[in-house]
Q: 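Here it is, the structure in full.
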Amino acid sequence: MDSYDVVVIGAGPAGEVAAGRLAEHGLAVAIVEGHLVGGECSFYACMPSKALLRPAEVLAEARRIPGAREAAQGELDVQAVLDRRDEVIHDLDDSTQLPWLEDRGVVLHRGVGRIAGERRVRVGDEELEARRAVVLATGTVAALPPIPGLGALDHAWTNRDATTAKQIPERLVIAGGGVVGCEMAQAYRSFGAAVTLIEGERRLLPREEEFACAQVSDALVEAGVDIRTGAKVCGFRQTDSGVEVDVSDDTTAEGDEVLIALGRTPEPEKLGLGELGFEPGRYVAVDDNMQVPGHEWLYAIGDLNGRVLLTHMGKYQGRIAADHILGRPNALAHGADGSLSPRVIFTDPQVAAVGHTKDSAEKAGLRVRAVDVETSGNAGGSFYGRGAPGTTRIVVDEDRKVLVGATFVGSEVADYVHAATIAIVGEVPLERLWHAVPSFPTRSELWLRLLEEYGL
Ligand SMILES: Cc1cc2nc3c(=O)[nH]c(=O)nc-3n(C[C@H](O)[C@H](O)[C@H](O)COP(=O)(O)OP(=O)(O)OC[C@H]3O[C@@H](n4cnc5c(N)ncnc54)[C@H](O)[C@@H]3O)c2cc1C
């Protein structure tokens with residue numbers, strides 16, 4: 001039996017970061033991977049989806065700027081976009097990911113890992129001992145709810161199909177108007193597919209500010225996406241030309257393909273956790289050190305613990321678990337995780353948010369005031385995102401005079417969110433923030449406008 005200090009199961013972003021940090025601090029570490037080193041994120045989620053979205057976004061931005069606009073009148077070269085996507089995912093070959101592990105001395109065991117008892121992991125015929133800890137980082141898979149007809153379809157797309165497709169269907173129906181549904185609607189519409197997007201809640205992106213949802217919805221409608229909200233997908237039928245989808249408002253939608261984007265599900269039972277009393281299909285609960293209560297040798301990080309399904313937060317949790325195992329405790333900062341985490345939706349306009357929405361702050365019992373400005377309404381906005389629709393909002397805790405939330409909507413606003421994250425996590429008083437002077441003429445002057453609008 002091979003013996004290590006720590007065995008990590010799952011080499012997605014969360015598992016890789018935990019394994020790398022542990023090994024960098026001198027521990028003997030093994031990582032077990034059943035499919036591709038790099039995980040869902042590198043091959044079927046974050047990376048390919050952004051590769052599919054970026055070219056149309058660049059084209060739209062070029063068309064907003066006179067001089068560039070005249071040069072950018074052609075159509076998107078869809079095949080070139082797909083080829084670039086294949087480059088980004090290395091044609092589903094993970095060999096470029098291996099040197100990162102090798103450089104840190106992390107030993108890779110290929111195969112599906114299962115807990116074989118306390119501090120024991122089985123991979124095929126091998127058994128690995130984990131003297132200090134086992135870290136579970138096995139992520140989630142697309143949820144396929146028991147909707148009539150779904151199981152009988154020849155094939156329903158999940159995120160894996162949508163992000164790796166070699167051909168663009170003429171008609172795509174997307175069930176689910178959350179982040180994955182909206183991003184894929186944007187991408188496939190830009191490739192020329194007729195897209196129908198169906199969301200059971202009354203609006204798309206239901207967890208974000210209402211204005212963010214409205215501005216993304218308007219842009220998708222203008223691009224030609226058929227959005228149906230407040231109605232659930234309730235049945236599927238295979239037809240000669242594709243799939244017919246029944247919607248609860250008594251309408252139907254037809255697609256050559258149907259993408260199921262109805263959330264994610266963990267599979268703890270596949271890890272042998274059933275024997276430890278864990279329920280199938282339920283996230284593995286952890287404390288603020290990512291330790292599984294009642295099993296001090298066991299940690300769960302990333303999507304698997306369900307706290308927040310985002311790569312950067314899984315990596316953060318990986319660092320927290322590693323530090324706890326290393327005896328340098330650095331538990332989760334209060335409020336830095338979960339639904340308040342920084343998040344970006346890469347539609348056009350983008351939505352970049354951190355902390356509370358006004359609504360969620362009020363529901364949390366905070367006395368808040370929200371201030372809104374137009375995102376591109378400053379000198380920098382004449383050069384980037386010129387005239388693009390979008391609102392920025394900060395949410396201020398009136399008792400403590402600090403930011404508790406920020407939402408940016410507009411062209412290429414993803415990188416704005418980190419300044420807001422620093423202000424929120426650092427609990428920077430507003431009157432101090434006032435002295436953080438944005439350069440001219442950058443779009444960051446929107447911070448000045450926000451604080452002026454607030455009354456500073
Ligand atoms: C379409 C899409 C787009 C997304 N875009 C973004 C984005 O832009 N930004 C962002 O932050 N997040 C995004 N996400 C979410 C992000 O992909 C996940 O939060 C992230 O991948 C979770 O990382 P993880 O390490 O927990 O799990 P994963 O990335 O799922 O990796 C888990 C790994 O464990 C392996 N594994 C599973 N079971 C076993 C086993 N028993 N033995 C061995 N190996 C096993 C799997 O093969 C996989 O490699 C997106 C998700 C989707 C679906």
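Positions are given from 1 along the sequence. Start at 1 and go down the list; that is how both ligands and their atoms are numbered.
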Q: Looking only at protein heavy atoms, identify the closest one to atom 19 (O) of ligand 1 and say how far it is in Å.
A: D303 OD1, 2.7 Å
Q: Tell me whether the count of non-hydrogen atoms from other residues, nucleotides or ligands lying under 6.0 Å of CG in D415 goes above 12.
A: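 Result for CG/D415: open.
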Q: When you compare ligand 1 with K270, is there at least one nitrogen or oxygen pair between them that comes in under 3.5 angstrom?
A: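 Between K270 and ligand 1, no N or O pair is found under 3.5 Å apart.
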Q: Roughly how far, to the nearest 0.5 Å, is CD of E257 from CG of D154?
A: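 Here the interatomic distance stands at 10.0 Å.
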Q: Does a sphere of radius 6.0 Å around CZ in F211 hold more than 12 heavy atoms from other residues, nucleotides or ligands, not counting ones at 6.0 Å or beyond?
A: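 More than 12 heavy atoms, drawn from other residues, nucleotides or ligands, come within 6.0 Å of this atom.
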Q: Output yes when the distance from some N or O of ligand 1 to some N or O of L271 is under 3.5 Å, and no in every other case.
A: no
Q: Go through ligand 1 atom by atom and flag the ones less than 4.0 Å from a non-hydrogen atom of A137.
A: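 Per the distance check, 32 (C), 33 (C), 34 (O).
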Q: Please compare A11, G12, C46 and report which has the shortest non-hydrogen distance to atom 9 (N) of ligand 1.
A: C46
Q: Could you find the nearest protein heavy atom to atom 27 (O) of ligand 1 and give me its residue, atom name and distance?
A: G139 CA, 3.3 Å
Q: Going by heavy atoms, is R264 under 4.0 Å from ligand 1?
A: yes
Q: Taking distance alone, with N or O pairs closer than 3.5 Å, would you say V112 contacts ligand 1?
A: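 No, V112 has no N/O under 3.5 Å of an N/O on ligand 1.
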Q: Should we say atom CD of Q167 is surrounded by more than 12 heavy atoms from elsewhere, each under 6.0 Å from it?
A: no
Q: Could you tell me how the ring of H109 sits relative to the ring of Y4: parallel (under 30°), tilted (30 to 60°) or perpendicular (over 60°)?
A: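 Perpendicular: the ring planes of H109 and Y4 meet at over 60°.
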Q: So, regarding T163 and ligand 1 (criterion: nitrogen or oxygen to nitrogen or oxygen, under 3.5 Å), is there a contact or not?
A: no
Q: Are the side chain of R189 and the backbone N or O of A193 linked by a donor-acceptor pair below 3.5 Å?
A: yes
Q: Are the side chains of V292 and D287 in contact, using a 4.5 Å heavy-atom criterion?
A: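 Counting from C-beta outward, D287 and V292 never come under 4.5 Å.
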Q: Which residue owns the protein heavy atom closest to atom 11 (O) of ligand 1, what's the atom, and how far is it?
A: T311 N, 2.9 Å
Q: Going by the closest heavy atom to atom 25 (O) of ligand 1, which one wins out of G111, G38, A14?
A: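 The residue whose heavy atom sits nearest atom 25 (O) of ligand 1 is A14.
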Q: Looking at E40 and R160, is there a salt bridge between them, counting it only when a charged N and a carboxylate O are closer than 4.0 Å?
A: yes
Q: Using distance alone, decide if ligand 1 has a nitrogen or oxygen within less than 3.5 Å of any nitrogen or oxygen in G34.
A: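 Yes.
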Q: CE of M313: more than 12 outside heavy atoms within 6.0 angstrom?
A: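 Check passes, neighbour count above 12.
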Q: Which of the numbered atoms in ligand 1 are below 4.0 angstrom from a heavy atom of L36?
A: 49 (O)
Q: Looking only at protein heavy atoms, which one is nearest to atom 41 (N) of ligand 1, and what is the separation?
A: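 Here the closest protein heavy atom is G113 O, 3.0 Å.
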Q: Without swapping roles, check the side chain of Q317 against the backbone of G302 for a donor-acceptor pair under 3.5 Å.
A: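 Side chain of Q317 to backbone of G302: a pair is present.
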Q: Are the charged groups of E269 and R114 less than 4.0 angstrom apart, N to O?
A: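 Between R114 and E269 there is no salt bridge, as every charged N stays at least 4.0 Å from the carboxylate O atoms.
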Q: Just which atoms of ligand 1 are under 4.0 Å from any heavy atom in H312?
A: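 Contacts of ligand 1 toward H312, numbered from 1: 11 (O).
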Q: Is there a polar contact between ligand 1 and N159, counting only N or O atoms under 3.5 Å apart?
A: no
Q: Suppose I only count heavy atoms of G39 and a 4.0 Å limit; which atoms of ligand 1 are within that range?
A: 29 (O), 31 (O), 48 (C), 49 (O)
Q: So is P13 close enough to ligand 1, meaning a heavy atom under 4.0 angstrom away?
A: yes
Q: For the 3.5 Å polar cut-off, considering only N or O atoms, please tell me whether K50 and ligand 1 meet it.
A: yes
Q: Evaluating non-hydrogen atoms only, which member of S42, C41, A45 is closest to atom 3 (C) of ligand 1?
A: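 Considering heavy atoms of S42, C41, A45, the nearest to atom 3 (C) of ligand 1 sits in A45.
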Q: Output the list of atoms in ligand 1 that are nearer than 4.0 Å to some heavy atom of E40, sorted by atom number.
A: 28 (P), 29 (O), 30 (O), 31 (O)
Q: Is a donor on one side and an acceptor on the other found under 3.5 Å between the side chain of R54 and the backbone of A56?
A: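 Not at all, since once roles are kept as given, no pair shorter than 3.5 Å links the two residues.
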Q: Looking only at heavy atoms of E33, does any of them come nearer than 4.0 Å to an atom of ligand 1?
A: yes
Q: Could you list which atoms of ligand 1 come closer than 4.0 Å to a heavy atom of G302?
A: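 Counting atoms of ligand 1 from 1, those under 4.0 Å from G302 are 26 (O).
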Q: Check each atom of ligand 1 against the heavy atoms of I9 and keep those under 4.0 Å away; list them by number with element.
A: 40 (C), 42 (N), 43 (C)
Q: How far is atom 34 (O) of ligand 1 from the closest protein heavy atom, and which atom is that?
A: G10 CA, 3.3 Å
Q: Any Lys/Arg nitrogen of K166 or D161 sitting under 4.0 Å from an Asp/Glu carboxylate oxygen of the other?
A: no
Q: Quick check: does any side chain N or O of Q238 sit under 3.5 Å from a backbone N or O of V243, one acting as donor and the other as acceptor?
A: no
Q: For ligand 1, is A142 a contact, meaning one of its heavy atoms is under 4.0 Å away?
A: no
Q: Are the side chain of Q215 and the backbone of T391 linked by a donor-acceptor contact shorter than 3.5 Å?
A: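 Yes: the side chain of Q215 pairs with the backbone of T391.
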Q: Does a donor on one side chain sit under 3.5 Å from an acceptor on the other, for R443 and S376?
A: no
Q: Report, in ascending order of atom number, the atoms of ligand 1 lying under 4.0 Å from any heavy atom of L310.
A: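 Under 4.0 Å from L310, ligand 1 has these atoms: 10 (C), 11 (O), 12 (N), 19 (O).
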